[in-house]
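For reference, positions follow the sequence shown, starting with 1. The shown structure was predicted, so the numbers you read here are calculated from the model rather than taken from an experiment.
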Amino acid sequence: MRNFIYRMNKRACGETILKEDSYGPIFAYATNGDLATCPRHMIKMKEKVNPKMLQKATEEALVRFPQFRLGLHRTENGYRYYFLEKPPVVLPFSDVSRYYMGSEDNNGYMFTVGYKDRTIYMEYQHSISDGHGFDMLIRSVLFEYLTLMGHDVKNDGSIRTNDSLFTLDECEDGYKRLDEANPSEEGHYDVKESFHVPLSENETFKGNEQMTEITFSFQEMRNWTKPNGVSPIVYLYTALAFALKDTYYTEADAGTPVVAEIPMDLRQIVPSKTTHFFVSLLDLPFEYDWFSLPFAEACKKVKEVFDQQKAPRHTAWWGQAGSKRVSDGHNTEMNIDEKEEMMRNMARNYVRRDSFILTNIGAFSVPESMQEHIEDYGAILHCGYQPLGILVSSYKGIMKVSLAQREHSSRLANAFTAELEKTGVKVSKKTYIYHPTSYDGKYLMSSASRKSAIM
């Protein structure tokens with residue numbers, strides 16, 4: 001029955017499911033040394049993970065999500081998707097696991113499921129999804145897994161399971177609908193210069209990164225942000241800007257602003273069920289003069305600019321601009337080697353305009369019946385071409401700020417947590433070294449291993 005449903009889904013999708021969205025292809029051409037291609041989600045269960053049941057749960061969830069049953073093929077002039085007939089695999093994980101996304105390691109899938117002790121790991125390659133879209137699959141896999149393990153869990157309607165049907169709008173190219181938001185470049189911040197943490201010549205993109213997970217009570221943070229009229233992301237960005245100045249600024253950097261790249265979920269502007277990449281990347285400055293202000297006043301300065309930058313019309317305009325740049329590059333007529341070089345340079349030049357990326361994926365939520373089986377949740381994002389990156393998540397009232405660094409030093413993390421503690425927030429830190437899951441088009445699953453035709 002499940003195979004029948006899959007075949008029907010495959011036939012219903014046709015070319016639609018194999019068509020790229022406007023922005024996602026940049027991640028197909030880039031490597032993990034260019035962009036943060038493979039975010040990692042970690043779900044700590046209350047009992048040891050059963051890999052066989054996790055394998056079955058993943059296969060069951062994929063019946064509902066055929067748009068994730070895709071491999072990526074490197075052709076003579078670009079990258080194209082194809083349907084995968086082989087089942088997904090569940091891999092043993094460690095902090096230094098060295099897998100390649102889309103390779104023989106995981107049967108060509110552009111997402112990876114792993115386990116270690118009580119933790120389930122799920123990663124995805126950004127060319128097929130963004131964080132919100134992949135969250136749909138994560139929650140479905142967890143629901144199927146807990147069900148197979150014999151737990152009495154119930155879907156409150158928030159999880160896409162096989163009780164509902166896949167529809168084509170779940171893999172639509174949302175960027176084509178942004179005209180509905182009346183895009184405007186009014187108030188656009190033009191990045192002329194931004195502060196950069198030095199890149200050490202001894203550090204390589206394929207090396208291990210240092211990850212510091214900083215956790216604290218959401219309510220304690222709210223006790224400061226609410227009276228001061230600022231959002232959590234403004235508060236965290238301001239604290240990190242001060243920490244960067246205390247840690248890395250030199251006399252030569254005087255006058256140079258910090259500029260954060262802030263991904264914004266476009267579904268808030270144009271509602272969509274799509275699981276594809278549907279994000280606008282905004283530039284948010286912290287002007288050098290603001291360092292002389294009290295912390296609360298500096299936060300209000302950031303809020304004022306952020307409110308302007310994230311206004312729906314501007315966010316839609318910036319989303320259109322980014323997607324057009326990528327789509328034009330992807331569809332340019334040139335051989336694959338030249339196109340890869342062009343797209344990778346585009347990616348590196350874009351991310352290096354800013355100081356770092358600051359991603360807020362929000363709260364991870366599951367039905368109450370599932371919560372009692374999930375002890376903790378967190379997500380991490382590797383640096384790519386940047387020296388550092390931040391990802392913010394939360395679960396059951398606990399905020400988690402994951403700071404990835406190519407420099408194996410605790411200077412920045414210590415300075416950042418010191419800023420938070422000044423506002424009355426009690427902070428815990430955990431630091432470890434990990435190896436990001438790699439991605440490079442030259443390591444995709446070989447044609448001899450593929451059975452499905454490319455469309």
Side-chain angles (χ1 to χ4, degrees), residues 2-3 5-7 9-10 17-18 27-28 32 37-45 48-74 79 81-129 133-149 162 275 379-380 382 434-452 454:
R2 294 303 181 203
N3 287 335
I5 294 174
Y6 165 63
R7 288 196 300 272
N9 274 334
K10 180 177 175 180
I17 199 172
L18 295 173
F27 299 100
N32 57 286
T37 54
C38 302
R40 177 179 297 179
H41 296 252
M42 304 167 293
I43 307 97
K44 189 173 183 179
M45 311 301 288
K48 190 172 181 179
V49 176
N50 183 321
K52 291 184 178 180
M53 290 300 185
L54 184 57
Q55 171 81 35
K56 291 181 180 179
T58 305
E59 292 181 24
E60 187 74 9
L62 277 179
V63 174
R64 177 59 181 78
F65 290 88
Q67 69 269 43
F68 286 110
R69 199 166 192 131
L70 297 180
L72 199 59
H73 176 55
R74 185 177 187 265
Y79 283 89
Y81 294 125
Y82 66 97
F83 277 108
L84 291 163
E85 298 289 354
K86 289 185 175 182
V89 297
V90 171
L91 298 165
F93 257 57
S94 70
D95 290 339
V96 293
S97 297
R98 294 176 181 266
Y99 299 121
Y100 272 91
M101 187 70 76
S103 70
E104 271 84 358
D105 291 338
N106 64 349
N107 277 351
Y109 281 83
M110 301 307 290
F111 71 89
T112 293
V113 181
Y115 69 96
K116 179 186 177 185
D117 300 328
R118 290 190 291 134
T119 301
I120 293 173
Y121 299 88
M122 291 189 67
E123 301 181 321
Y124 61 101
Q125 215 279 354
H126 254 321
S127 66
I128 61 168
S129 185
F134 193 66
D135 180 69
M136 298 295 105
L137 180 63
I138 292 173
R139 295 159 76 247
S140 179
V141 169
L142 291 176
F143 180 83
E144 300 294 351
Y145 174 74
L146 290 171
T147 299
L148 288 169
M149 290 296 291
N162 289 319
T275 57
I380 58 180
H382 58 279
Y434 91 111
H435 189 86
T437 290
S438 301
Y439 170 76
D440 188 321
K442 294 178 181 178
Y443 291 90
L444 291 170
M445 190 166 69
S446 67
S447 57
S449 303
R450 294 194 299 267
K451 292 183 179 180
S452 292
I454 290 140

Contact check, side chains of [X] and [Y], non-hydrogen atoms, under 4.5 Å:
X	Y	value
S438	Y99	no
Y145	M149	yes
E59	P88	yes
V141	L54	yes
Y109	L62	yes
I43	I138	yes
M42	I120	no
M45	L146	yes

Aromatic rings [X] and [Y]: how do their planes relate, parallel, tilted or perpendicular, breaks at 30° and 60°?
X	Y	result
F134	F68	perpendicular
Y100	Y443	parallel
Y121	F93	parallel

Report the distance from atom [atom1] of [X] to atom [atom2] of [Y], rounding to the nearest 0.5 Å.
X	Y	atom1	atom2	value
S103	D440	OG	CG	11.0 Å
H73	Y79	NE2	OH	10.0 Å
H41	D135	NE2	CG	7.0 Å
N107	E85	CG	CD	12.0 Å
I128	Y81	CD1	OH	6.5 Å
N162	F143	CG	CZ	10.0 Å

Just do the side-chain contact (heavy atoms from CB on, under 4.5 Å) check on H382 and N32 with the steps written out, would you? CA-CA 8 Å; H382 58 279; N32 57 286; 3.9 Å; yes
Looking at [X] and [Y], what are the two nearest heavy atoms and their distance?
X	Y	answer
Q125	C38	CG-SG, 4.1 Å
M110	S127	CE-OG, 4.1 Å
P39	Y124	CD-O, 3.3 Å
M445	G108	SD-N, 3.7 Å
D105	L91	O-CD2, 3.5 Å
L148	M53	CD1-O, 3.7 Å

Before giving the answer on side-chain contact (heavy atoms from CB on, under 4.5 Å), spell out for Y439 and L72 the whole-Å C-alpha distance, their side-chain angles and the decisive distance to 0.1 Å. CA-CA 11 Å; Y439 170 76; L72 199 59; 3.3 Å; yes
Could you tell me whether the side chain of E104 and the main chain of S446 form a donor-acceptor pair under 3.5 Å? yes
Under the side-chain contact (heavy atoms from CB on, under 4.5 Å) rule, what do L84 and R69 come out as? Steps first, then yes or no, please. CA-CA 6 Å; L84 291 163; R69 199 166 192 131; 4.2 Å; yes
Mind running side chain to side chain donor-acceptor pair (under 3.5 Å) on N106 and T112 for me, showing each step along the way? CA-CA 7 Å; N106 64 349; T112 293; 2.9 Å; yes
Going through the checks in order, is the side chain to side chain donor-acceptor pair (under 3.5 Å) test met by E123 and T437? CA-CA 8 Å; E123 301 181 321; T437 290; 2.5 Å; yes
